[in-house]
Asker: 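Dumping the structure here so I can ask a few things about it.
Predicted model only: the values in this text are computed from it and were never measured. Side chains included, hydrogens not; waters and symmetry mates left out as well; all remaining heavy atoms used.
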Amino acid sequence: MEIYPFKNFKLILLKFIWEKPSSLGHRIRFIKSLFRWAQDENLINGNPASKIKEPKLELRVPKYLSEEEIEHLREACHTTFENALFEFMYSTGCRIGEAITLDRASINFSNQSAIVLGKGRKEREVYFNTRCEIWLKRYLSERKDHEEALFVTTRAPHRMSISQARNIIKLVAKRTDIKKSIHPHQLRHSYATNLLNNGAPLDLALLLEYPIALGSDWDSPNIEKEEKELQELKNILKRNSY
């Protein structure tokens with residue numbers, strides 16, 4: 001059975017040949033998944049995309065901030081909340097999505113730790129330093145709301161979203177003279193780098209799930225968007241199979 005919209009999928013891929021290898025790889029996996037599903041549903045005979053190889057990813061050194069740049073960012077934090085968020089992100093090496101899902105009750109001040117839910121919904125314990133503890137306690141003591149979330153919005157307090165937390169870090173960065181683009185994940189890379197520069201063993205960085213020296217690209221695809229698009233394509237395949 002031949003399904004017209006997808007018979008020239010190789011030509012479609014050629015339109016994206018100049019994309020980053022990681023982006024092109026996402027598209028190829030997407031197409032393979034679609035045809036694999038169509039084959040399982042007996043909509044087509046065989047998977048025409050099964051032999052397409054994904055491009056090799058270049059080894060990329062994660063971008064990080066120097067200790068001097070970190071200090072400039074610290075000075076640019078104007079509120080207790082900004083200081084608490086920045087110090088928590090930097091000292092724990094948490095992903096931004098992990099930080100904003102934490103509740104107040106998740107914080108254990110007795111041993112300066114927190115249990116975060118990471119990729120694959122796996123729990124792990126992270127640790128923060130004394131500076132972070134001081135700012136977290138100040139921030140929580142100043143709050144008048146009863147929200148259980150650790151980090152909340154300033155107006156009509158409720159759990160902060162990833163985009164809102166990201167914008168806070170970018171706002172702080174704009175107050176500095178740092179020329180490079182700053183994003184929250186750099187804090188994760190930076191803390192691991194500074195650990196290694198100060199004599200910490202490489203095993204420690206790997207144990208904490210830092211990407212230092214791994215040469216890997218940690219950019220993740222928009223899973224929700226891809227699943228929605230995949231479902232739409234499946235519906236097209238079904239309509240064209242009759």
Side-chain angles (χ1 to χ4, degrees), residues 62-119 123-195 205 208-212 218-220:
K63 297 178 180 178
Y64 63 91
L65 301 167
S66 67
E67 293 186 40
E68 181 179 350
E69 289 171 328
I70 291 294
E71 290 305 317
H72 284 306
L73 289 170
R74 281 193 172 115
E75 291 180 350
C77 292
H78 288 178
T79 66
T80 305
F81 163 64
E82 289 176 354
N83 277 285
L85 178 64
F86 177 83
E87 294 298 341
F88 187 83
M89 292 286 296
Y90 178 64
S91 68
T92 62
C94 275
R95 300 178 180 90
I96 194 167
E98 296 169 343
I100 58 98
T101 57
L102 286 172
D103 295 331
R104 299 191 200 203
S106 305
I107 302 298
N108 185 340
F109 285 111
S110 63
N111 67 347
Q112 297 180 326
S113 68
I115 301 296
V116 300
L117 193 62
K119 288 187 176 180
E123 288 187 344
R124 77 177 190 280
E125 191 170 24
V126 297
Y127 297 90
F128 49 86
N129 57 26
T130 302
R131 187 200 300 262
C132 177
E133 178 183 2
I134 291 172
W135 282 112
L136 277 177
K137 286 182 175 179
R138 286 180 185 174
Y139 167 61
L140 293 175
S141 66
E142 290 178 1
R143 277 174 51 181
K144 306 301 181 183
D145 64 87
H146 299 289
E147 290 290 323
E148 63 179 13
L150 178 60
F151 296 112
V152 296
T153 57
T154 303
R155 297 180 181 177
H158 59 275
R159 188 179 299 277
M160 182 163 284
S161 68
I162 290 178
S163 60
Q164 288 171 326
R166 183 183 294 114
N167 288 338
I168 294 296
I169 300 298
K170 288 183 175 294
L171 176 63
V172 170
K174 286 182 179 179
R175 298 178 189 143
T176 71
D177 294 326
I178 301 174
K179 302 303 180 183
K180 67 179 70 171
S181 176
I182 306 295
H183 55 82
H185 212 68
Q186 279 175 298
L187 298 179
R188 179 175 169 84
H189 298 325
S190 302
Y191 185 58
T193 301
N194 291 335
L195 276 178
L208 294 174
E209 294 191 326
Y210 293 124
I212 296 304
W218 282 67
D219 294 336
S220 58

Asker: List the residues meeting side-chain hydrogen bond (donor to acceptor under 3.5 Å, both in side chains) with Thr101, not counting sequence neighbours, and say none if there are none.
Answerer: none
Asker: Going from CD on Glu87 to OG1 on Thr130, what distance comes out if it is rounded to the nearest 0.5 angstrom?
Answerer: 11.0 Å
Asker: Measure across Arg143 and Leu150 and return the closest heavy-atom pair with its distance rounded to 0.1 Å.
Answerer: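 Between these two residues, the closest heavy atoms are NH1-O, 2.6 Å.
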Asker: With salt bridge (charged side-chain N to carboxylate O under 4.0 Å, His left out) as the test, would you mind laying out the steps for Arg104 and Glu147 before giving the verdict?
Answerer: CA-CA 9 Å; Arg104 299 191 200 203; Glu147 290 290 323; over 6 Å; no
Asker: Please list every donor-acceptor pair under 3.5 Å in which a side-chain atom of residues 166-174 meets a protein atom from a residue at least two apart or in another chain.
Answerer:
unit_1, atom_1, unit_2, atom_2, d
Asn167, ND2, Ser163, O, 3.2
Lys170, NZ, Ile182, O, 3.3

Asker: Could you list the residues that satisfy side chain to side chain contact (heavy atoms under 4.5 Å, CB included) with Asp103, not counting sequence neighbours?
Answerer: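 Scan of Asp103 (side chain to side chain contact (heavy atoms under 4.5 Å, CB included), adjacent residues dropped) gives Ser106, Glu148, Arg159.
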Asker: Kindly say whether Glu68 contributes a backbone atom to a donor-acceptor pair with the side chain of Glu71 at under 3.5 angstrom?
Answerer: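 No, the answer is negative, given that no donor and acceptor are paired below the 3.5 Å cut-off.
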Asker: Partners of Asn111 by side-chain hydrogen bond (donor to acceptor under 3.5 Å, both in side chains), sequence neighbours excluded?
Answerer: Asn108, Ser113
Asker: Please report the shortest heavy-atom distance between Leu73 and Leu65, naming the atom on each side.
Answerer: CD1-CD1, 3.6 Å
Asker: Measure the spacing between CG of Leu187 and CG of Leu85 and express it to the nearest 0.5 Å.
Answerer: 9.0 Å
Asker: So which atom in Ile107 and which in Phe128 form the shortest heavy-atom distance, rounded to 0.1 Å?
Answerer: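 Nearest heavy atoms, Ile107 then Phe128: CG2-CZ, 3.8 Å.
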Asker: Using a 4.5 Å cut-off on heavy atoms from C-beta on, say whether the side chain of Glu98 contacts that of Leu117.
Answerer: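 Side chain of Leu117 against side chain of Glu98, heavy atoms only: no contact under 4.5 Å found.
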Asker: Show the nearest heavy-atom pair for residues Met160 and Thr153, with the distance to one decimal.
Answerer: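 That would be CE-CA, 4.0 Å.
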Asker: Quick one: list whatever passes side-chain hydrogen bond (donor to acceptor under 3.5 Å, both in side chains) with His72, sequence neighbours left out.
Answerer: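 None.
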Asker: Between Thr92 and Val126 (side chain of the first, backbone of the second, donor and acceptor by atom type, cut-off under 3.5 Å), is there such a pair?
Answerer: no
Asker: Please output the side-chain donor-acceptor pairs of residues 131-138 that fall under 3.5 Å, not counting sequence neighbours, one pair per line with the distance.
Answerer:
unit_1, atom_1, unit_2, atom_2, d
Glu133, OE1, Gln112, NE2, 2.6
Glu133, OE2, Lys137, NZ, 2.9

Asker: Which distance, rounded to the nearest 0.5 Å, do you find between the CD of Glu75 and the NE2 of His78?
Answerer: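 Spacing of CD (Glu75) from NE2 (His78) equals 10.0 Å.
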Asker: A side-chain contact here means heavy atoms from C-beta on lying under 4.5 Å apart; do Leu140 and Phe109 qualify?
Answerer: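 Yes, side chains in contact.
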Asker: Do the non-hydrogen side-chain atoms of Arg74 and Glu82 ever get within less than 4.5 Å of each other?
Answerer: no
Asker: Give me the ring orientation class for Phe151 and Tyr139: parallel if the planes are under 30° apart, tilted from 30 to 60°, perpendicular past 60°.
Answerer: parallel
Asker: What pair of heavy atoms forms the shortest contact from Leu102 to Ile115, and how long is it?
Answerer: CD2-O, 3.3 Å
Asker: Check the pair Glu69, Lys180 against side-chain contact (heavy atoms from CB on, under 4.5 Å), reporting the backbone distance first and the verdict last.
Answerer: CA-CA 10 Å; Glu69 289 171 328; Lys180 67 179 70 171; 3.3 Å; yes
